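This report concerns only the one structure given below.
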Amino acid sequence: MKIKLDDLIGLPFIDGGRDPAVGFDCWGLSSEVFRRYGIELPDYKISCEDASRISNQIDAQKPYWQKCEGEIPVPALVVIRFAVYCDHTGVYIGQGRFIHTRKEVGVNIDRMDHPAWAKRIEGFYVPGVTRQ
């Protein structure tokens, strides 16, 4: 399934951003990309500055996600660890690439094997369990 994503490239990073007319934070962008694939993700209202709370939320949500083994499906949530915490997400879009957004960069596409990311990617996940 080919999904249009090029209209997202270059949108600014906005903490708490959930609107393509304004900008996205990493979770807002991940939710938008999944939505374009027909998958609605839950929303979390956590500032990008609160790395420990983001990490705790990611850990708390892991039972609802299936970790991908072997070939990575499209879309898959990319969970990234910058230091101690897993506090950044993007979406795997195929061909070794993922889309994400960061401060001062905005929405962009990077390669998973780029030295800046290869050792920071904690794993790939797809929604797997329906929550009550």
Side-chain angles (χ1 to χ4, degrees):
M1 176 184 341
K2 182 77 173 163
I3 300 295
K4 180 175 171 45
L5 299 174
D6 59 342
D7 60 317
L8 300 172
I9 304 303
L11 290 176
F13 177 93
I14 303 288
D15 190 12
R18 299 292 186 266
D19 185 344
V22 179
F24 294 105
D25 64 14
C26 66
W27 185 254
L29 177 65
S30 296
S31 297
E32 174 66 18
V33 173
F34 270 83
R35 186 189 62 74
R36 291 181 182 202
Y37 281 93
I39 302 167
E40 294 292 330
L41 298 181
D43 197 4
Y44 307 108
K45 306 290 186 197
I46 304 172
S47 170
C48 68
E49 302 294 331
D50 195 346
S52 66
R53 192 164 165 225
I54 293 169
S55 180
N56 289 340
Q57 187 67 50
I58 288 172
D59 285 343
Q61 293 300 310
K62 281 185 178 176
Y64 304 109
W65 294 79
Q66 291 180 334
K67 189 167 187 174
C68 301
E69 305 292 339
E71 186 174 338
I72 304 165
V74 175
L77 187 70
V78 182
V79 175
I80 297 169
R81 176 186 312 270
F82 278 110
V84 175
Y85 303 112
C86 290
D87 60 356
H88 184 55
T89 61
V91 179
Y92 180 69
I93 57 172
Q95 301 176 329
R97 303 171 306 144
F98 69 105
I99 188 169
H100 66 127
T101 185
R102 296 191 63 207
K103 290 180 181 175
E104 301 175 11
V105 177
V107 177
N108 67 98
I109 294 173
D110 275 314
R111 292 203 50 81
M112 296 181 337
D113 60 358
H114 188 281
W117 302 111
K119 292 184 178 179
R120 296 175 191 257
I121 295 174
E122 186 274 336
F124 303 89
Y125 296 84
V126 292
V129 177
T130 303
R131 292 187 288 168
Q132 300 296 317

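Both backbone and side-chain heavy atoms feed into the values below; hydrogens, waters and symmetry mates do not. Since the structure is predicted, the reported quantities are computational estimates derived from the model, not experimental observations.
- Taking all atoms of both residues into account, the shortest heavy-atom contact from Thr101 to His88 is O-CE1, 3.0 Å.
- Among the candidates Ile9, Val78, Asn108, the single residue satisfying the side-chain contact (heavy atoms from CB on, under 4.5 Å) test with Ile99 is Ile9.
- Among Ile3, Leu77, Leu5, the one residue that satisfies the side-chain contact (heavy atoms from CB on, under 4.5 Å) test with Val33 is Leu5.
- With a 4.5 Å cut-off on side-chain heavy atoms, Arg97 and Met112 do not count as touching.
- Closest of all the heavy-atom pairs between Val126 and Cys68 is CG1-SG, 3.9 Å.
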Enumerate donor-acceptor pairs with a distance under 3.5 Å from any side-chain N or O in residues 21-28 to protein atoms, sequence neighbours excluded.
from  : atom 1 : to    : atom 2 : distance (Å)
Asp25 : OD1    : Arg18 : NH1    : 2.5
Asp25 : OD1    : Trp27 : N      : 3.3
Asp25 : OD1    : Gly28 : N      : 2.7
Asp25 : OD2    : Gly16 : N      : 3.0
Asp25 : OD2    : Arg18 : NH1    : 3.0
Trp27 : NE1    : Ser31 : OG     : 3.3
Trp27 : NE1    : Pro42 : O      : 2.9

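- Applying the salt bridge (Lys or Arg N to Asp or Glu O under 4.0 Å) rule to pairs touching residues 107-120 yields Arg111-Asp113, sequence neighbours excluded.
- Using a 4.5 Å heavy-atom cutoff, the side chains of Pro75 and Tyr92 are not in contact.
- Hydrophobic clustering places Phe34 together with Val107 (ILVMFWY residues linked when any side-chain heavy atoms are closer than 4.5 Å, directly or through intermediates).
- Looking only at side-chain heavy atoms (C-beta outward), Trp117 and Phe98 come within less than 4.5 Å of each other.
- Residues Glu122 and Arg81 approach most closely at CG-NH2, 4.0 Å, considering heavy atoms.
- At a cut-off of 3.5 Å, with distance as the only test, no side-chain donor of Tyr125 or Gln61 sits close to an acceptor on the other residue.
- Residues Ile93 and Val74 share a closest heavy-atom pair of C-CG2, 3.7 Å.
- Across all non-hydrogen atoms, the minimal contact from Phe124 to Ala76 is CB-CB, 4.3 Å.
- Rounded to the nearest 0.5 angstrom, Leu8 CG and Arg36 CZ are separated by 4.0 Å.
- Neither Phe13 nor Ile46 shares a network with the other; the hydrophobic side chains, linked directly or stepwise wherever heavy atoms of I, L, V, M, F, W or Y lie under 4.5 Å apart, form separate groups for each.
- In the hydrophobic clustering (ILVMFWY side chains linked at under 4.5 Å, chained through shared members), Val105 stands by itself.
- Pairing each heavy atom of Pro63 with each of Ala60, the nearest pair is CD-O, 3.2 Å.
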